[in-house]
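Step one of this worksheet: look at the structure below.
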Amino acid sequence: MKHFKQMDISTEKKYRLINYNFKLILFVIAAMIMGSITICSVRPDFLTKQLIGVSACIIGMIVVSLIDYDFICKYYMVLYVINIGLLLLVLVAGSGGGDTGVHRWFYISDSFTIQPSEFAKIILILCTAVFLEKNYENLNTPKVLAKLAVFLAVPVGLIVAEPDLSTSICVMATLFIIIFVGGLSLKLIGIMILVLVPAFGGFIWYIQQDNLPQFLKTYQINRILGHIYGSEYGASSDQQDNSVMAIGSGQLSGKGINNSTVATVKDTNLISEQQTDFIFSAVGEELGFIGSVIIIAILCLIVLQCIRVARHAKDKKGMYIATGIGALVAFQTFINIGVATALLPNTGLPLPFISYGLSSLVSMSAGIGLVLNINLQKKKY
């Protein structure tokens, strides 16, 4: 009995209500509400499912926030193996929404699919955080870097094989930020830049050679080259052109949600699946510049809160996880909006907490739950 009382007291001291990051959870809920409103306007038939998903994710986020992240991290290898298993299984039994040779989702029904690569993002952040904490002192040695490279190359390689180039790039960028924060040598970073810059030029040259075997799909090559050369690959950028037109037509205050008096891009179906990868075009058109800035500001505030939690984390592992979640939200936001505004080549990534898609919503909510728990155990001053 005495033992249980001691456990209760320690838990009470560990999780104090005053340390709960209500700002972060309110920002996330605000983003989800904005997303649901936009989805309702674009695809009203998806609203019920989205609201059910939002409600479940808010509850799940709060539950995860009360689970000690140290306890979860103890089983990082179990999570890693499960992640590898799911990514392998989706390559064998997954579907690609009608695209031949694409395997990204487990098809459950017409209205329900599961995308393992979305959950891989959070799992890889956890696994990388634990690895870096265990090898902090020797991170910049060739042996540890080689082990880390192999450790991450397997799951990232499986995502590339789906193929899901956009997700793999986003994951690699996120993991690089975690490794950088973990103490990666600036000298090594400089060498990487010196290698990658000419390699990128070589990559652009290579994908234009018709007589050489290509490792990318034809549509991926067309999207990249279409972004660079435009007119020669015009068909690949039609979606983006229509997205830019929609955003521009919203002007300052937008045409209004569910406005039936003014013609909109959604009415003409110029952008397919606007509720997912191109949802920002709907935001710009219906909520205008003001609404777009509000959504960007909310997502920026989520990232800043993650950074704030990382700065005050009780240990390196917590700092790495919070940094990773913040970086993931930032990169995914940048890529999604960059594609919708034609700043980046056309690729598919959901806008965090805004786009329709329960796999993304669940994984992001779980990530925020971890950040909330890290904040509950922050360093005491």
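Source: prediction; values computed, not measured. Side chains included, hydrogens not; waters and symmetry mates left out as well; all remaining heavy atoms used.
- The side-chain heavy atoms of I307 and T323, taken from C-beta on, include no pair separated by under 4.5 Å.
- Residue C40 comes nearest to L47 through the heavy atom pair SG-CD2, 3.6 Å, listed as atom of the first residue, atom of the second, then distance.
- For the pair I224/F203, a side-chain contact is recorded, criterion being any heavy-atom separation below 4.5 Å from C-beta on.
- Looking only at atom types and distance, the side chain of S166 has a donor-acceptor partner in the side chain of D164 under 3.5 Å away.
- Interatomic distance, CG of L51 versus CD1 of I39, reported as 8.5 Å (0.5 Å rounding).
- When the side chains of ILVMFWY residues are joined at heavy-atom separations under 4.5 Å, either directly or via intervening members, F71 and V371 end up in a single hydrophobic cluster.
- Between L87 and E162, some side-chain heavy-atom pair lies under the 4.5 Å cut-off.
- At distances below 3.5 Å, at least one donor-acceptor pair connects side-chain atoms of N140 with backbone N or O atoms of S185.
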Could you tabulate the donor-acceptor pairs under 3.5 Å formed by side-chain atoms of residues 118-128, not counting sequence neighbours?
unit_1, atom_1, unit_2, atom_2, d
E118, OE1, K121, NZ, 3.0
E118, OE2, K121, NZ, 3.2
K121, NZ, Q332, OE1, 2.6
T128, OG1, L124, O, 2.7

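- In this structure, the side chains of K317 and V130 come closer than 4.5 Å at one or more pairs of heavy atoms.
- In F106, the CZ atom is crowded: over 12 heavy atoms of neighbouring residues, nucleotides or ligands sit closer than 6.0 Å.
- With rounding to the nearest 0.5 Å, the separation of CD1 in I374 from CG in D315 is 8.0 Å.
- Within 6.0 Å of the OH atom in Y136, the count of heavy atoms belonging to other residues, nucleotides or ligands does not exceed 12.
- Rounding to the nearest 0.5 angstrom, the gap separating the OG atom in S168 from the CG atom in L158 is 11.5 Å.
- Residue Y76 places its OH atom among more than 12 non-hydrogen atoms of other residues, nucleotides or ligands, all under 6.0 Å distant.
- Side-chain contact of N375 with Q305: a donor-acceptor pair under 3.5 Å is absent, judged by distance alone.
- What you find for I298 and F27 is that their closest heavy atoms are CG2-O, 3.3 Å.
- More than 12 heavy atoms of other residues, nucleotides or ligands shown are found within 6.0 angstrom of CZ on F22.
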Could you tabulate the donor-acceptor pairs under 3.5 Å formed by side-chain atoms of residues 57-65, not counting sequence neighbours?
unit_1, atom_1, unit_2, atom_2, d
S65, OG, Y20, OH, 2.8
S65, OG, I62, O, 2.5

Show every donor-acceptor pair shorter than 3.5 Å between a side-chain atom in residues 337-344 and any protein atom, with sequence neighbours excluded, or say none if there are none.
unit_1, atom_1, unit_2, atom_2, d
T341, OG1, I337, O, 2.7
T341, OG1, G338, O, 3.4

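- In this structure, a donor-acceptor pair under 3.5 Å is absent between the side chains of E286 and T38.
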Worked verdict on F151 versus Y80 for ring pair (Phe, Tyr, Trp, His ring centres under 6.0 Å)
CA-CA 9 Å; F151 185 65; Y80 181 84; 4.4 Å; yes

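- Side-chain N/O atoms of Q239 and N346 include no donor and acceptor closer than 3.5 Å.
- Side-chain contact check for L361 versus V54: some heavy-atom pair is nearer than 4.5 Å.
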